[in-house]
Amino acid sequence: MPELPEVETTLRGITPHIHQQTVAQIIIRQPRLRWPVPLSLTQELPGQKMLASSRRGKYLLLHYTQGTLIVHLGMSGSLRILTETTAAKTHDHVDIIFTNKVCLRYTDPRRFGCVLWTNEALAQHPLLEKLGPEPLTAEFNGDYLYQQAQARKTPIKTFIMDGQIVVGVGNIYANEALFLAGIHPKRQAGKINLASYKKLVHAIKKILAQAIKQGGTTLRNFSQSDGKPGYFKQKLKVYGRGKLPCVKCSTPLREIRQGQRTTVYCPSCQK
DNA sequence: CGAGCAACCTGCATGC
DNA sequence: TGCATGCAGGTTGCTC
């Protein structure tokens, strides 16, 4: 479910409600996520204040007095703010309740996400230390991507979805960015020239920035932390449109599998 | 080292 | 209606 724009939207949605708030209680109903939720949090977290929040790739980082909560939404996770008592449903795995009665609720049917805690320097955390640059920074540019691609035989789509190369480009936006840049998803990363990489980087930035501005892509169950849906889906040009006519040239879009993910592209516009 | 893929889980759409 | 199958927004951690 959540790609980077959804994670960013979630972060912006929840932060004002919990900023500078002190934890009263944490309830862990289901600790078995991607990695076990540390049960010691029920002792450690109460009394700590939420000082700041940030994001690294698709990891949400909630910085408390004595450590950081690392939250990932996986494929089906969401975080939302509850201001009045609401009975927990089947997949409501974790509640963080603040002294002002606000509840931050983590829900994740597929349990591919995680809720972890660290006291150590974040840059050295095993899940974060090898991550590539953020896509919306100046560090991520055509020259960088071109350099990283040298001698790489992996298909360009797989390459831009590799978090060690650049974080936050998920399946939807990888498809969309390649279409926008006119690049065939199967091309070998090492055989693409600098000019095309500049175009691709521009496309990735554009598509992500636009999606964030619109509040993320709504697919099935994603909604913002306030419950309002995102409005980006209607802007998708290839994702979910296999066999339908290309919006530019009307050629039927082609659908293939790369890795274990669906790729959609226009065989005429993408070379 | 890179490339490819199995694995972790539930829900939903589809087809018989 | 029921059941089997395949697919879904991610990413780690295996094998080769």
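FYI, side chains are in, hydrogens and waters are out, and symmetry mates aren't considered; it's all heavy atoms of this structure. Keep in mind the model is a prediction, meaning the values are calculated, not measured. Every chain is numbered from 1 and lettered A, B, ... according to where its sequence line falls, protein lines coming before strand lines.
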> Given the P atoms of C:dG9 and B:dA3, what is the spacing between them in whole Å?
Replying inline: 22 Å
>> It should be established whether A:Arg261 places a side-chain nitrogen or oxygen under 4.0 Å from OP1 or OP2 of nucleotide C:dG10.
In response: yes
> What is the distance, rounded to the nearest whole Å, between atom CD of A:Gln188 and atom P of B:dG4?
Replying inline: 9 Å
> Do A:Thr99 and A:Thr22 get their side chains close enough for a donor-acceptor pair, meaning under 3.5 Å?
Replying inline: no
> Which nucleotide, B:dT10, C:dC7, C:dG10, lies nearest any side-chain atom of A:Arg257?
Replying inline: C:dC7
> How many Å lie between CD1 on A:Ile172 and P on C:dT11, as a whole number?
Replying inline: 13 Å
> Is it the case that A:Ser54 and A:His63 place a side-chain donor and acceptor less than 3.5 Å from each other?
Replying inline: yes
> Quick one: do A:Trp117 and A:Ile18 end up in the same hydrophobic cluster if we chain Ile, Leu, Val, Met, Phe, Trp and Tyr together by side-chain heavy atoms under 4.5 Å apart?
Replying inline: yes
> What about A:Arg111: does its side chain form a donor-acceptor pair under 3.5 Å with the base of B:dT10?
Replying inline: no
>> Using a 3.5 Å distance criterion without hydrogens, assess whether the side chain of A:Gln258 forms a donor-acceptor pair with backbone atoms of A:Pro185.
In response: yes
> Of the candidate nucleotides C:dC7, B:dG11, C:dT12, which contains the atom at the shortest distance from the side chain of A:Pro109?
Replying inline: B:dG11
> Are A:Phe140 and A:Ile192 joined in one hydrophobic group, where the rule is that I, L, V, M, F, W and Y side chains link up if heavy atoms are under 4.5 Å apart?
Replying inline: yes
> Could you spell out the base pairing of DNA chain C in dot-bracket, with Watson-Crick or G-U pairs whose two distances are under 3.5 Å, [ ] crossing and | to another strand?
Replying inline: .|||||||.|||||||
>> Between B:dC5 and C:dC7, how far apart are the two P atoms, rounded to whole Å?
In response: 15 Å
> Under a 4.0 Å heavy-atom cut-off, which of residues 144-171 of chain A touch DNA chain C?
Replying inline: A:Gly170, A:Asn171
> So, is A:His72 close to the C:dT12 phosphate, meaning a side-chain N or O under 4.0 Å from OP1 or OP2?
Replying inline: no
>> Looking only at side-chain N and O atoms, does A:Tyr106 offer a donor or acceptor that is under 3.5 Å from a partner on A:Asp108?
In response: yes
> Side-chain N or O of A:Arg32 less than 4.0 angstrom from OP1 or OP2 on B:dC9?
Replying inline: yes
> What's the NE2-P distance between A:His93 and B:dC9, to the nearest Å?
Replying inline: 11 Å
>> Check this for me, if you would: do A:Glu84 and A:Lys101 make a salt bridge, where the nitrogen-to-carboxylate-oxygen distance has to be below 4.0 angstrom?
In response: no
> Nearest to the side chain of A:Leu127, which nucleotide is it out of C:dT12, C:dG10, B:dA6?
Replying inline: C:dT12
> Picking from C:dG10, B:dC9, C:dT12, which would you name as closest to the side chain of A:Trp35?
Replying inline: C:dT12
> Taking atom C1' of C:dT11 as reference, at what distance in whole Å does atom CD1 of A:Ile70 sit?
Replying inline: 15 Å
> Under 3.5 Å, is there a donor-acceptor pair between the side chain of A:Gln164 and the main chain of A:Gly132?
Replying inline: no
> What integer distance in Å separates A:Leu33:CG from C:dT11:P?
Replying inline: 15 Å
> OP1, OP2 of C:dT12 versus side-chain N and O of A:Tyr59: anything below 4.0 Å?
Replying inline: yes
> Rounded to whole angstroms, how far apart are CD on A:Gln258 and C1' on B:dG4?
Replying inline: 12 Å
>> OP1 or OP2 of C:dG9 versus the side-chain N and O atoms of A:Tyr173: is any pair under 4.0 Å?
In response: no
> Any side-chain donor paired with an acceptor under 3.5 Å for A:Thr263 and A:Lys157?
Replying inline: yes
> Has A:Lys186 got its NZ or CZ under 6.0 Å from the middle of the six-membered ring of A:Tyr265, at an angle within 45 degrees of the ring axis?
Replying inline: no
>> Under the criterion of centre distance below 5.5 Å and interplanar angle below 30°, is A:Phe112 classified as stacked on the base of C:dT11?
In response: no
> Side chain of A:Gln260: nearest nucleotide among C:dT12, C:dG9, B:dC5?
Replying inline: B:dC5
>> Would you measure the distance from the P atom in C:dC3 across to the matching atom in B:dC9 and give it in whole Å?
In response: 24 Å
>> On DNA chain B, compare the nucleotides closest to A:Thr90 and A:Arg34; which residue's is nearer the 5' end?
In response: A:Arg34
>> Nearest whole Å is fine: how far is C:dG10 P from A:Asn175 CG?
In response: 10 Å
> Nearest-Å distance, CZ (A:Arg110) to C1' (B:dC9)?
Replying inline: 7 Å
>> Quick test of your reading of the model: are A:Arg55 and A:Glu8 salt-bridged, counting only N-O distances below 4.0 Å?
In response: yes
